[in-house]
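The analysis underlying the following values was restricted to heavy atoms, covering all of them including side chains, and did not include hydrogens, waters or symmetry mates. In the text below, chain A, chain B and the rest are named by the order of the sequence lines, each starting its count at 1.
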There are 2 protein chains.
Amino acid sequence: MGISITGMSDLGQQAYEKLRVGILDGELPPGSPLSHRKLAQLFGTSTIPVAAALQRLEAEGFVESRARAGTRVKMPTVGEISGNYIVREALESQAARLFAQSATPLQKKRLLRLANDLDKRYRSLDKQVTPSREAQAEVEKRHVEFHLEIAKATGCQELVLAIEKSRVLLFNWLFSRSGEYVPLPQGWHTRLAEDLSTGQPLSADEAMRLHVTFRRDDILRHFAELERAAEGKIERGPQHRKVSGTFATKLQNLPR
Amino acid sequence: MGISITGMSDLGQQAYEKLRVGILDGELPPGSPLSHRKLAQLFGTSTIPVAAALQRLEAEGFVESRARAGTRVKMPTVGEISGNYIVREALESQAARLFAQSATPLQKKRLLRLANDLDKRYRSLDKQVTPSREAQAEVEKRHVEFHLEIAKATGCQELVLAIEKSRVLLFNWLFSRSGEYVPLPQGWHTRLAEDLSTGQPLSADEAMRLHVTFRRDDILRHFAELERAAEGKIERGPQHRKVSGTFATKLQNLPR
DNA sequence: TCTCCAAAACTGATATGTCAGATTTTGTTG
DNA sequence: CAACAAAATCTGACATATCAGTTTTGGAGA
């Protein structure tokens, strides 16, 4: 699950990628402080490439920065998550239209196979009483891949990138919390793949909209509660969270 | 027609804005070289804020950079323009749905007024034999504002920003060339505004799709020709274009 | 224990200088 | 005059150092 499209220099690119996986792997949960200096020391570079990486991550919505006050992994608001859903619904329903309109039999077959596999994984996840975070993340990553496969089949690179951006961002926001898990209907993705493969563009559009918005209201409600709970609480300053990975640990214990 | 949403430091933000208007005003046409040093000298800063501004402009698609070889205003490919249309169709039809679904009478009235004004301006443009570049740009800017008004009425900030980004980018690409002008039908925007104000979400969606894609094929054909004409021509190195504004002139005549 | 405030510590922003790579120019040779 | 190579020039990437805000901290006083 990685964007390449360099556009950035060597060290800056490396810092960007390290930070990105650090965030997406949950080692750097929302609120984690990201000091230019400490990161530079950790990476063995100056602060310049770090600043470039953080600027890009900020533009992509992973990070928020206030001048001379600090940079941290972003805490999304309910409004932003809601907006993300709206934009993603627009992009993915467009991809669904184009897929239904012009996907080759091979692409359709491939999508069906992916959908089947994905549904299997979700089912096996449902069986477990307490699925591990890693297991959930693994399945969700494949979920993203499934949707990107639809977009890729359209042949429109710009659409793929826009959807990936939107998907990955939500992925990160969701997995930063212990979200109550809403099980999906049986054959949820297989049915979608069938709709996209056999239906007209318009019905594919509609099917995708339903798919995208299925868990939306539950999730928004959940986050609204979390937001209310955090009302006026820790508003600024680094969050003293307990984190597992080596990344954040190293970062915290670094002097200077 | 300006994005604010800082996210960047003082000098970097200023450099970004200056460069952005320089590009959008046509003073820096596609292919113009943008040297960190020269720009820094022109702005009276170091190269650091300039680099930050250029990195952001690159992420937004206005500029392309190759490490240690140069940065220049981007020359779009036909594929990118086509992709831009697909993404924009997705975003704007979504905005149309939401507008039809939830716009207040006041917002509808306001949109109709804007549409009427816009159509008037297009009509007066059609009357002129050789409309000036400035006059065309002025009307096109209002065209962008019209579409942003629809998005703003949805109350979804993320959708507004995504549409603005997509619109402004195409705006810049189109106005960098002397495009053959395809006149619009009578009351083109007024009819759209009416459709969005009175119709159901689905019909609003469809109306917007038709609107967005109206000139698309002509434009893509036009650019395909231009691209073919430039086949293998000036591939690298600064373009020695003749430019009007003071911005580019200063830039070119700067030593170092 | 709580409030307030100044000093200390930390932060991102920026200037300056250097480096290696890419490009362009120039000089040479056929 | 063409082809080619070396040198001069230009480019962005980056390191180091400093600055001015912001936040945290450690009492002093209530």
In whole angstrom, what separates Q41(B)'s CD from dC10(D)'s C1'? 14 Å
By the 4.0 Å heavy-atom rule, please label L34(B) as base, sugar-phosphate, or nothing. sugar-phosphate
Expressed as a whole number of angstroms, how long is the span from E58(B):CD to dA13(D):C1'? 13 Å
Whether K18(A) engages the ring of F43(A) as a cation-pi pair (distance to the six-membered ring centre under 6.0 angstrom, angle to the ring normal within 45°) should be assessed. yes
Find the distance Q55(A):CD to dC14(D):P and express it as a whole number of Å. 14 Å
With under 30° as parallel and over 60° as perpendicular, where do the rings of F175(B) and F171(B) fit, or are they tilted in between? parallel
Does a donor on one side chain sit under 3.5 Å from an acceptor on the other, for E60(A) and Y16(A)? yes
Rounded to the Å, how far apart are K38(A) NZ and dA9(C) C1'? 11 Å
Closer than 4.0 angstrom, basic N to acidic O: yes or no for E149(B) and R110(B)? yes
With a 4.5 Å limit on heavy-atom distance, are the side chains of E92(A) and I150(A) in contact? no
Salt bridge check, R221(A) against D218(A): does any charged N sit closer than 4.0 Å to a carboxylate O? yes
Rounded to whole Å, CZ of R72(A) lies from C1' of dT22(D) at a distance of 13 Å
One character per nucleotide, please: for nucleotides 15-22 of chain C, 5' to 3', B when the base has a protein heavy atom closer than 4.0 Å, S when only the sugar-phosphate does, - otherwise. BB-B-BBS
Expressed as a whole number of angstroms, how long is the span from L57(B):CG to dG12(D):C1'? 16 Å
In whole Å, I'd like the distance from the CG atom of D10(B) to the P atom of dT14(C). 6 Å
Between dC14(D) atom P and L54(A) atom CG, what is the distance in whole Å? 14 Å
May I ask you to evaluate whether T71(B) reaches the phosphate of dG12(D), defined as a side-chain N or O under 4.0 Å from OP1 or OP2? yes
